[in-house]
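Position 1 is the first residue of the sequence; numbering continues from there. Start at 1 and go down the list; that is how both ligands and their atoms are numbered.
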Amino acid sequence: MRIRVGHLYPDYLNIYADRGNIAVLSRRAALRGHELVVDPIGVGGALEPDAHDLLYVGGGQDREQAAIAPDLAARGDAIREAVAGGAALLAVCGGYQLLGRGYRGRDGSFMPGAGLFAHETVAGETRMIGDVLLECELDPGERRLLAGFENHAGRTLLDSGAEPLGRVVHGFGNDGESGFEGCRVDSALGTYLHGPLLPRNPWLADWLLERALAHATGEASERLAALPDELEEEAFRVAAGRARVRGGRR
Ligand code: GLN
């Protein structure tokens with residue numbers, strides 16, 4: 001199968017191993033006989049709701065976010081329609097913030113978001129930085145750990161009833177207080193975790209690929225064949241170990 005990926009704003013939102021995350025998706029797809037075709041979408045570029053099986057929005061600082069925020073907000077309908085139609089999506093850090101209702105910066109300015117995730121973000125006085133360990137249950141009864149690195153000033157507050165990506169085991173997460181990290185709507189995931197996310201959490205890469213493949217084929221999602229992931233598992237162990245040394249939630 002060809003898996004069509006729409007990579008939004010690769011020239012602006014690209015500071016958190018975002019190209020590496022796409023490379024992982026591409027390699028893991030190829031090892032199962034599928035081809036990932038990546039379509040870079042810049043400001044003003046076309047985004048048709050049914051044109052992609054997976055959308056990717058990376059991370060950036062406030063300045064880069066401000067440069068693309070109006071364009072991203074204007075694509076809210078297309079992005080929500082794509083996700084409602086079963087497309088997978090991964091948004092990291094700055095992209096995650098701008099897929100909510102919006103982000104209020106330290107200077108009081110408000111960047112409107114695309115309105116996919118039921119959350120709002122407000123910049124705080126301090127940055128929340130360090131290794132993170134989450135517990136996720138994306139499929140009922142299947143608990144998985146996710147390791148990453150966070151670095152954000154924004155505090156993201158989920159609306160009540162919004163589904164987080166995971167529960168914080170170690171680290172700050174969305175806001176340092178709720179114990180939640182990230183957000184999920186159907187097959188769309190947003191997270192603060194980067195540094196780099198998919199190389200050390202291959203199960204998450206496969207979860208996204210399985211949903212992207214289901215969208216591409218129009219059939220129910222199926223489990224991909226396992227790969228020998230010794231190096232990836234070692235990378236996970238190192239990152240999770242650092243998060244454990246970091247200790248408690250706050
Ligand atoms: N606006 C974001 C923040 O919260 C951008 C993310 C980042 O730069 N790490 O800091």
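Close contacts between ligand 1 and Ala153 involve ligand atoms 3 (C), 4 (O), 10 (O) [criterion: under 4.0 Å to a heavy atom]. Near Asn151, the atoms of ligand 1 lying under 4.0 angstrom from a non-hydrogen atom of the residue are 7 (C), 9 (N).
Asp229 and Trp203 form no side-chain donor-acceptor contact under 3.5 Å, judged by distance and modelled atom types alone. In summary, the side chains of Asp18 and Tyr9 do not present any donor paired with an acceptor at a separation below 3.5 Å, with no hydrogens or angles considered.
Note: Tyr192 and His152 have parallel aromatic rings, judged against thresholds of 30 and 60 degrees for the angle between ring planes.
Residue-level proximity to ligand 1 for Cys93 is carried by the side chain, the only part with a heavy atom below 4.0 angstrom.
Within a 6.0 Å sphere centred on CZ of Phe149, other residues, nucleotides and ligands contribute more than 12 heavy atoms. Counting heavy atoms of neighbouring residues, nucleotides and ligands inside a 6.0 Å radius, atom CZ of Arg32 exceeds 12 of them.
Considering backbone and side-chain N/O atoms, His152 never comes within less than 3.5 Å of an N/O atom of ligand 1. Some N or O of Gln65 is nearer than 3.5 Å to an N or O of ligand 1, by distance alone.
In this structure, atom 8 (O) of ligand 1 lies nearest to the protein heavy atom Gln61 OE1, 2.6 Å. The nearest protein atom to atom 4 (O) of ligand 1, hydrogens excluded, is given as Gly154 N, 2.6 Å; this is a heavy-atom distance. Tyr16 OH, 3.2 Å is the protein heavy atom nearest to atom 7 (C) of ligand 1.
At least one heavy atom of Gly60 sits less than 4.0 Å from an atom of ligand 1. Heavy atoms of Tyr103 come nearer than 4.0 angstrom to ligand 1 in at least one pair.
The residue among Gln97, Met111, Arg127 with a heavy atom at the shortest distance from atom 2 (C) of ligand 1 is Gln97.
We find the CG-CG distance between Leu146 and Leu204 to be 5.5 Å, quoted to the nearest 0.5 Å.
With Arg4 as reference, Asp53 is the one residue of Asp50, Asp39, Asp53 to meet the salt bridge (charged side-chain N to carboxylate O under 4.0 Å, His left out) rule.
Looking only at distances, no side-chain donor or acceptor of Glu233 sits under 3.5 Å from a matching main-chain atom of Glu230.
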